[in-house]
Trainee: 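First the structure, which I've put down as structure tokens, then a few questions once you've had a look.
Counting convention: from 1, in listed order, for ligands and their atoms alike. Note that these values count all heavy atoms, side chains included, but never hydrogens, waters or copies made by symmetry.
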Amino acid sequence: KLQTEEVEVFSTPSYACQRRTTLDNHNAVLTDALSLLAENAELSGEDGRGVAFRRAAAALKALPLPVTRLTQLGGVPCLGGHSLRVIKDVLESGASPEVEALRRSERFKALKVLTGIFGVGVKTAGRWIGEGILTLRQLRDSGPTLNRAQRAGLRHYDDLNRPVGRAEAAAVAAVVEAAAGSVLPGARVTLIGGFRRGKQTGHDVDFLITHPEEGREAGLMPKLVSWLDSQGFLLYQKTNSNSYLEAAEGPARPASNMDRFERCFSVFKLPEEAGRGGAGAGGEGGPRPWRAVRVDLVVSPVSQFAFALLGWTGSKLFERELRRWAGHEMNMCLSSHALYDHRQSRYLRASSEEEIFAHLGLEYIPPSERNA
Ligand code: 8DG
Ligand code: MN
Ligand code: MN
């Protein structure tokens with residue numbers, strides 16, 4: 001080249017929890033390619049490779065401008081040889097042959113369709129593909145035994161694969177607030193997950209519920225679920241009671257008994273109001289009066305609320321990086337229940353997310369900047 005141009009060289013810290021990642025992604029073409037490779041690795045049971053591609057994508061999401069040349073990436077962490085090759089291909093020719101081939105691959109398409117059924121994981125989908133089941137039609141025709149979650153997932157496939165909008169999330173929130181207020185006056189409902197990070201759509205709606213008086217939240221989930229069911233809001237639910245208990249010796253010891261932190265995976269039957277969509281999956285004869293929406297509910301005691309809030313707001317990679325930072329850089333163990341300091345052999349208390357970041361020696365990152 002005869003001319004010399006000034007090209008910005010990017011640099012960014014190595015852990016996603018040290019970076020501010022908004023939804024304003026300047027490198028979506030690159031991160032979409034890397035995310036697809038991550039997804040394929042995860043769908044193939046190669047979690048390590050999946051994380052590597054997720055980290056690479058996340059590093060690019062944090063950059064302030066579009067990347068135009070490979071030489072700008074000298075100070076960007078987490079880019080392995082494979083990721084760099086994909087980035088190079090996309091920068092030079094607009095697409096990566098590997099990613100394009102993957103998009104067209106029958107196996108990848110089948111894994112996407114089958115794991116798109118609520119209740120179907122990577123292993124089940126892989127087994128079905130091995131039996132020649134590649135489509136929903138083949139699944140319905142060949143009739144392998146489905147569990148309750150999978151039957152609900154198949155029945156509501158179209159609804160559950162249609163993104164949930166903010167207005168729908170707000171409508172679900174109103175229902176959950178009514179339920180919580182009715183079975184436990186004073187209960188507090190907080191929107192978590194992607195919507196708390198400012199996303200406009202999500203694959204589900206996530207809520208964290210607590211009560212300002214410690215202990216009053218115990219046994220809340222079954223009551224909540226039975227209220228929702230009696231009002232006709234539930235198409236499916238599965239409640240897991242969580243048996244978290246702090247051990248004096250620290251978190252290495254297995255927790256036991258005491259059901260105080262509960263979770264419910266559910267499918268809501270959400271009435272469609274005029275003006276809030278409804279035109280979606282109709283098909284046979286006008287708008288339907290309701291749609292199915294995936295809803296996750298978590299109940300936490302108020303003493304663990306800040307940890308639960310931080311742990312369930314996401315993104316998944318941001319959470320993973322927080323725990324990795326805590327372990328590798330601070331000799332601490334972070335969970336959605338607590339933070340344990342191995343050097344001091346004690347739990348560190350916190351009543352806000354800000355305090356947890358401070359314990360971890362990290363600058364506070366608000367939810368809208370955790371979109372790694
Ligand atoms: P989306 O629904 O908008 O697509 O995205 P999201 O809201 O970010 O993802 P999500 O799958 O609904 O997960 C929300 C958060 O919950 C995310 O940070 C990961 C976290 N989470 C699970 N399962 C579990 C779990 O079993 N334990 C803990 N502690 N956190 C979990 O999804
Ligand atoms: Mn979610
Ligand atoms: Mn969820």
Side-chain angles (χ1 to χ4, degrees), residues 16-17 21-23 25 32 35 38-39 42-43 47 50-51 54 57-58 61 112 115-116 118-122 149 153 159-170 172-173 176 189-210 221 236-244 251 255 260-268 270 292-301 304-327 333-340 353 356 365-372:
C17 53
T21 313
T22 65
L23 290 165
N25 177 359
D32 285 352
S35 299
E39 195 178 5
E42 289 157 2
L43 290 173
D47 291 343
V51 173
R54 295 268 174 224
K61 282 183 198 170
K112 290 269 287 180
T115 58
F118 171 64
V120 176
V122 166
D159 273 0
L160 297 183
N161 281 282
R162 184 154 54 97
V164 182
R166 286 201 83 90
E168 290 170 322
V172 176
V176 174
V189 176
T190 306
L191 187 63
I192 49 173
F195 286 112
R196 182 163 184 252
R197 303 196 307 276
K199 284 178 62 182
Q200 292 304 312
T201 61
H203 94 284
D204 68 358
V205 195
D206 308 283
F207 296 96
L208 176 59
I209 305 161
T210 191
M221 191 69 88
Y236 169 89
Q237 69 82 21
K238 181 173 174 10
T239 303
N240 289 345
S241 56
N242 193 322
S243 54
Y244 178 78
R260 298 193 63 199
F261 196 107
E262 306 164 299
R263 172 165 195 195
C264 177
F265 303 91
S266 73
V267 177
F268 266 44
L270 182 67
V293 177
R294 274 273 297 113
V295 176
D296 283 340
L297 304 172
V298 186
V299 171
S300 112
Q304 297 173 15
F305 180 80
F307 295 98
L309 184 61
L310 179 58
W312 289 85
T313 293
S315 69
K316 284 201 181 81
L317 186 80
F318 191 91
E319 304 294 343
R320 176 183 270 277
E321 293 278 278
L322 270 177
R323 293 193 300 269
R324 189 165 70 97
W325 168 272
C333 177
L334 175 67
S335 75
S336 296
H337 298 277
L339 178 62
Y340 187 81
E353 290 180 317
I356 303 173
I365 310 283
S368 62
E369 296 177 339
R370 296 180 203 159
N371 286 291

Trainee: Between the main-chain N or O of Phe318 and the side-chain N or O of Glu321, is there a donor-acceptor pair closer than 3.5 Å?
Mentor: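 No, because the side chain of Glu321 does not come within donor-acceptor range (under 3.5 Å) of the backbone of Phe318.
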Trainee: For atom 4 (O) of ligand 1, what is the nearest protein heavy atom, given as residue, atom name and distance?
Mentor: His203 ND1, 3.0 Å
Trainee: So if I count the atoms of ligand 1 from 1 in the order they appear, which ones are less than 4.0 Å from some heavy atom of Gly193?
Mentor: 7 (O)
Trainee: How does Glu319 reach ligand 1, by side chain, by backbone, by both or by neither, if only non-hydrogen atoms under 4.0 Å count?
Mentor: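 Side chain only.
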Trainee: For the side chain of Asp159 and the backbone of Ala292, is there at least one donor-acceptor N/O pair under 3.5 Å apart?
Mentor: yes
Trainee: For Asp206, which part has a heavy atom under 4.0 Å from ligand 1: side chain, backbone, both, or neither?
Mentor: side chain
Trainee: Can you name the atoms of ligand 1, numbered from 1 with element, that are less than 4.0 Å from a heavy atom of Arg197?
Mentor: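 So the atoms of ligand 1 that pass are 8 (O).
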Trainee: Quick one about Arg197 and Asn371 (side-chain donor to acceptor, distance below 3.5 Å, no hydrogens or angles considered), yes or no?
Mentor: yes
Trainee: For atom CZ of Arg294, decide whether the heavy atoms of other residues, nucleotides or ligands shown that lie under 6.0 angstrom number more than 12.
Mentor: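 Atom CZ in Arg294 is crowded, with more than 12 foreign heavy atoms closer than 6.0 Å.
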Trainee: May I ask you to decide whether Arg54 forms a salt bridge with Glu39, counting only side-chain N to carboxylate O separations under 4.0 Å?
Mentor: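 No, Arg54 and Glu39 are not salt-bridged.
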Trainee: Which is the closest N/O/S atom of Asp204 when seen from the Mn ion (ligand 3)?
Mentor: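 Of all N, O or S atoms belonging to Asp204, OD2 is the one nearest the Mn ion (ligand 3).
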Trainee: Where is the nearest protein heavy atom to atom 21 (N) of ligand 1: which residue, which atom, and how far?
Mentor: Trp312 CZ3, 3.6 Å
Trainee: I'd like to check which ligand 1 atoms, numbered from 1 as shown, lie under 4.0 Å from a non-hydrogen atom of Gly194.
Mentor: 6 (P), 7 (O), 8 (O)
Trainee: With heavy atoms of Gly314 as the reference, note each atom of ligand 1 found under 4.0 Å away.
Mentor: 18 (O)
Trainee: Using a strict 4.0 Å cut-off to heavy atoms of Asp204, name the atoms of ligand 1 that fall inside it.
Mentor: 2 (O), 12 (O)
Trainee: Ring centroids only, cut at 6.0 angstrom: are Phe118 and Tyr236 within range, meaning strictly under it?
Mentor: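 Here the rings of Tyr236 and Phe118 have centres that are less than 6.0 Å from each other.
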Trainee: So, of the N/O/S atoms that Asp296 has, which is the nearest one to the Mn ion (ligand 3)?
Mentor: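 Going by distance to the Mn ion (ligand 3), the closest N, O or S atom in Asp296 is OD2.
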Trainee: Under a 3.5 Å distance rule, please check whether Asp296 uses its side chain to pair with a backbone N or O of Ser266 as donor and acceptor.
Mentor: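 It does not hold such a pair.
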Trainee: Indicate yes or no: does an N/O atom of Gly202 lie under 3.5 Å from an N/O atom of ligand 1?
Mentor: no
Trainee: How close does the nearest protein non-hydrogen atom get to atom 29 (N) of ligand 1, and which residue and atom is it?
Mentor: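 Looking at atom 29 (N) of ligand 1, the protein heavy atom closest to it is Ser336 OG, 2.8 Å.
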Trainee: For ligand 1, which is the ligand I care about here, please tell me if Asp296 has any N or O atom under 3.5 Å from one of the ligand's N or O atoms.
Mentor: no
Trainee: Any salt bridge linking Glu42 with Lys112? Criterion: basic side-chain nitrogen under 4.0 Å from a carboxylate oxygen.
Mentor: no
Trainee: Using distance alone, determine whether Lys316 and ligand 1 share an N or O pair under 3.5 Å.
Mentor: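 Lys316 vs ligand 1: N/O contact under 3.5 Å present.
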Trainee: Taking Ser315 for the side chain and Ala372 for the main chain, is one N or O donor matched with an acceptor at less than 3.5 Å?
Mentor: yes
Trainee: Taking both backbone and side-chain atoms of Lys199, is any N or O found less than 3.5 Å from an N or O belonging to ligand 1?
Mentor: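 The answer is yes, given that Lys199 and ligand 1 share an N or O pair closer than 3.5 Å.
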Trainee: For Asp206, what is the atom name of its N, O or S atom nearest to the Mn ion (ligand 3)?
Mentor: OD1
Trainee: Look only at the side chain of Arg166 and the backbone of Lys199, and say whether a donor-acceptor pair between them is shorter than 3.5 Å.
Mentor: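 The answer is yes, because a donor-acceptor pair under 3.5 Å joins these two groups.
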Trainee: Would you call Glu319 and Lys316 a salt bridge, taking side-chain N to carboxylate O under 4.0 Å as the test?
Mentor: no
Trainee: Decide whether the shortest distance between a heavy atom of Arg263 and an atom of ligand 1 is less than 4.0 Å.
Mentor: yes
